[in-house]
Undergrad: 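The structure follows.
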Amino acid sequence: MLKFLCMSWLAAIEIDRRQQVITSTDKLKELLGGSWTIGDTPGLIAEGASTEVLLPVSGSVWLRSRDLNELRGILWKARKDIVETRNLPCTFAIAKIGEAANGDTSAAEQSARVELERRIRRNKAAKCGGDGTPSLPLLASCMIQPALPANEWVPGIVDNAQHRRRALTHFSSLGRLKRGFGTMKAFLERFPEAKDLDPASQWPWQFRDLASFPNDQYIALLKADADNMSALARDVPLGELRDFGEALESTIWQALQEAVTLVVKGKKWKRFPVVPIVRAGEDTSILCRRDLALDLAIHFAANYARLARENEQLSKAAGA
């Protein structure tokens with residue numbers, strides 16, 4: 001019994017197909033709401049008396065626990081909040097940290113990390129096979145996320161042409177609508193140029209709001225993904241993993257904020273011209289006016305390289 005109490009476990013919670021989840025709808029406000037549902041997942045994971053969160057990154061959370069029963073309860077609640085309430089595809093895995101040799105826990109922890117990552121990959125891959133889910137055509141599809149069934153009906157809303165598509169939806173789509181405004185507000189509050197913009201008429205709620213001129217048919221999509229980040233994080237000691245993840249998040253946000261400020265400052269905008277639709281870990285996707293895209297990409301990359309070198313946690317992990 002004493003030996004069991006001295007054991008510890010690692011657990012990982014990974015949101016699957018993050019970009020697919022976010023882009024499963026064709027309205028900008030709902031894209032932002034989808035991004036929030038993933039970005040807010042670390043806040044759903046509670047720590048316990050014997051359980052700590054090691055890596056609270058958007059869409060990916062790692063935990064370490066000395067109490068398997070407590071860990072089981074935390075993971076079960078996380079499944080309810082993430083899978084059932086938010087309808088997000090999610091993978092869970094647990095690996096036991098073995099006994100330390102000669103009092104050195106680093107080798108045992110590293111072995112457990114490798115095993116945890118292997119189990120995460122295995123569990124994700126297993127979802128590609130048959131799972132017994134009924135394959136009959138949907139009797140009614142969600143009007144916002146067509147791949148999902150409709151289980152919310154608001155018949156009175158059909159008289160309003162603007163909101164008609166919300167009359168027959170999946171419950172998770174309603175959450176996207178409610179959270180889209182808050183996500184946009186939190187982003188725009190970072191910029192003085194957006195301070196006096198009217199939310200209804202000057203925030204970019206539709207794709208056409210990001211067009212460079214009235215008859216323009218194109219907008220720009222920028223995608224940034226830090227290279228070799230998984231291998232880099234693998235070498236970070238477990239006790240420093242949380243600081244590493246938070247340093248990465250804050251560095252990318254600061255790099256993006258400084259880049260956007262450089263391309264929008266000193267100008268009057270009919271609609272704010274930049275919206276990040278994915279901000280999860282090292283992954284970033286941005287929609288913007290196409291005439292700003294090249295400058296924004298150059299500044300974002302340069303800022304990230306500079307800030308990463310200046311950040312103690314990131315430079316230490318990179319061996320700089």
Undergrad: Would you mind checking if Asp40 and Arg86 are paired as a salt bridge, meaning a charged N to carboxylate O distance below 4.0 Å?
TA: yes
Undergrad: Take atom CZ of Arg118 as the centre, draw a 6.0 Å sphere, and report whether it contains more than 12 heavy atoms from other residues, nucleotides or ligands.
TA: yes
Undergrad: side-chain contact (heavy atoms from CB on, under 4.5 Å) between Tyr304 and Gln254: does it pass, once the steps are laid out?
TA: CA-CA 8 Å; Tyr304 174 72; Gln254 185 178 348; over 6 Å; no
Undergrad: More than 12 foreign heavy atoms under 6.0 Å from CH2 of Trp76: is that the case here?
TA: no
Undergrad: Less than 4.5 Å apart, any side-chain heavy atom of Leu75 and any of Leu63?
TA: yes
Undergrad: Does a side-chain heavy-atom distance below 4.5 Å link Ile15 with Ser60?
TA: no
Undergrad: Does atom OH of Tyr218 have more than 12 heavy-atom neighbours from other groups under 6.0 Å away?
TA: no
Undergrad: Please report the closest heavy-atom contact between Asn303 and Ala255, naming both atoms and the distance.
TA: ND2-O, 3.2 Å
Undergrad: So which heavy atom on Glu193 is nearest to which on Phe272, and how close?
TA: CB-CE1, 4.5 Å
Undergrad: Tell me, with the steps shown, if Leu197 and Leu188 meet side-chain contact (heavy atoms from CB on, under 4.5 Å).
TA: CA-CA 9 Å; Leu197 297 183; Leu188 293 181; 5.6 Å; no
Undergrad: Any salt bridge between Asp16 and Lys124, counting N to O under 4.0 Å?
TA: yes
Undergrad: Check the hydrophobic clustering (I, L, V, M, F, W, Y; side-chain heavy atoms under 4.5 Å; chains of links allowed) and say if Leu238 and Leu68 are grouped together.
TA: yes
Undergrad: How long is the gap from OG on Ser212 to CG on Asp291, to the nearest 0.5 Å?
TA: 3.5 Å
Undergrad: Given the rule that I, L, V, M, F, W and Y join up when any side-chain heavy atoms are under 4.5 Å apart, are Phe191 and Phe181 in one cluster?
TA: yes
Undergrad: Answer yes or no: are there more than 12 heavy-atom neighbours, outside Lys223 itself, under 6.0 Å from its atom NZ?
TA: yes
Undergrad: In sequence, state the C-alpha distance, the side-chain angles, and the governing distance for Arg306 and Glu258, and then conclude on salt bridge (Lys or Arg N to Asp or Glu O under 4.0 Å).
TA: CA-CA 12 Å; Arg306 171 179 55 82; Glu258 291 183 7; 2.6 Å; yes
Undergrad: Test your reading of the model: is there a side-chain donor-acceptor pair from Ser111 to the backbone of Ala108, 3.5 Å cut-off?
TA: no
Undergrad: Which pair of heavy atoms, one from Leu10 and one from Ala112, lies closest together, and at what distance?
TA: CD1-CB, 3.9 Å
Undergrad: Is there side-chain contact between Leu31 and Phe207, with heavy atoms separated by less than 4.5 Å?
TA: yes
Undergrad: Do Ile120 and Ile94 share a hydrophobic cluster, counting only Ile, Leu, Val, Met, Phe, Trp and Tyr and linking them when any side-chain heavy atoms are less than 4.5 Å apart?
TA: no
Undergrad: Report yes if the side chains of Thr284 and Phe300 come closer than 4.5 Å at any heavy-atom pair, otherwise no.
TA: yes
Undergrad: Report yes if some heavy atom in the side chain of Trp205 is under 4.5 Å from a heavy atom in the side chain of Leu28; otherwise report no.
TA: no
Undergrad: Using the side-chain contact (heavy atoms from CB on, under 4.5 Å) rule, take Val263 and His299 through it: C-alpha gap first, then chi angles, then the decisive distance, then the call.
TA: CA-CA 9 Å; Val263 299; His299 289 312; 4.0 Å; yes
Undergrad: Taking the side chain as every heavy atom from C-beta outward, state whether Phe244 and Glu249 have any pair of such atoms under 4.5 Å apart.
TA: no
Undergrad: Parallel, tilted or perpendicular: which fits the ring planes of Phe187 and Trp253, with parallel below 30° and perpendicular above 60°?
TA: tilted
Undergrad: Looking at Val264 and Pro273, what are the two nearest heavy atoms and their distance?
TA: CG1-CG, 3.8 Å
Undergrad: Any donor and acceptor pair, going by atom type alone, linking the side chain of Ser65 with main-chain N or O of Trp9 inside 3.5 Å?
TA: no
Undergrad: Could you go step by step and tell me if Asp216 and Arg208 meet the salt bridge (Lys or Arg N to Asp or Glu O under 4.0 Å) rule?
TA: CA-CA 8 Å; Asp216 194 3; Arg208 65 170 177 264; over 6 Å; no
Undergrad: Looking at Arg64 and Glu109, is any side-chain nitrogen of the basic one under 4.0 Å from a carboxylate oxygen of the acidic one?
TA: yes
Undergrad: Is there a side-chain contact between Cys90 and Ile13 in this structure, where contact means two heavy atoms from C-beta onward sitting under 4.5 Å apart?
TA: yes
Undergrad: Which value, rounded to the nearest 0.5 Å, describes the distance between Asp81 atom CG and Leu44 atom CG?
TA: 5.0 Å
Undergrad: Heavy atoms only: give me the nearest Val275-Pro204 pair and the separation to one decimal.
TA: CG2-CG, 3.4 Å
Undergrad: Check for me, please, whether Ile298 and Leu222 land in the same ILVMFWY cluster - side-chain distances under 4.5 Å, paths through other members count.
TA: no
Undergrad: Donor-acceptor check, side chain of Arg242 to backbone of Pro56, threshold 3.5 angstrom: yes or no?
TA: no
Undergrad: Distance-only, no hydrogens or angles: does the Glu115 side chain make a donor-acceptor pair with backbone N or O of Lys96 under 3.5 Å?
TA: no
Undergrad: I'd like to know if Arg66 pairs up with Glu52 as an ion pair, taking the criterion as any Lys NZ or Arg NE/NH1/NH2 lying under 4.0 Å from an Asp or Glu carboxylate oxygen.
TA: no
Undergrad: Quick one: do Asp67 and Arg72 make a salt bridge, cutoff under 4.0 Å?
TA: no
Undergrad: Check whether any side-chain N or O of Ser250 sits under 3.5 Å from a backbone N or O of Ala247 as a donor-acceptor pair, and report yes or no.
TA: yes
Undergrad: From Asp243 CG over to Glu312 CD, what is the distance, rounded to the nearest 0.5 angstrom?
TA: 9.5 Å
Undergrad: If you look at every heavy atom in Ala211 and Ile219, which pair is closest and at what distance?
TA: N-CG2, 3.9 Å
Undergrad: So, taking the atom named CD1 in Ile286 and the one named CG in Leu292, what distance separates them when rounded to the nearest 0.5 Å?
TA: 11.5 Å
Undergrad: When rounded to the nearest 0.5 angstrom, what distance separates CG in Leu287 from CG in Leu32?
TA: 8.5 Å
Undergrad: Under the 3.5 angstrom rule, does the side chain of Glu14 hit a backbone N or O of Val61 as a donor-acceptor pair?
TA: no
Undergrad: Determine whether Val236 and Glu240 make a side-chain contact, defined as any pair of heavy atoms from C-beta on separated by less than 4.5 Å.
TA: yes
Undergrad: Is Glu84 reaching over with its side chain to a backbone N or O of Lys80, donor-acceptor style, under 3.5 angstrom?
TA: no
Undergrad: Any side-chain donor paired with an acceptor under 3.5 Å for Asn123 and Thr91?
TA: no
Undergrad: Check this for me, if you would: do Glu117 and Arg113 make a salt bridge, where the nitrogen-to-carboxylate-oxygen distance has to be below 4.0 angstrom?
TA: no
Undergrad: Applying a strict under-4.5 Å side-chain criterion to I, L, V, M, F, W and Y, I'd like to know whether Val114 and Phe92 cluster together.
TA: no
Undergrad: Measuring from Asp209:CG to Gln202:CD, what's the distance to the nearest 0.5 Å?
TA: 11.0 Å
Undergrad: Using the rule given for side-chain contact (heavy atoms from CB on, under 4.5 Å), can you reason through Leu262 versus Asp295, listing the C-alpha separation, both sets of side-chain angles and the distance that settles it, and then say yes or no?
TA: CA-CA 9 Å; Leu262 285 171; Asp295 286 342; over 6 Å; no
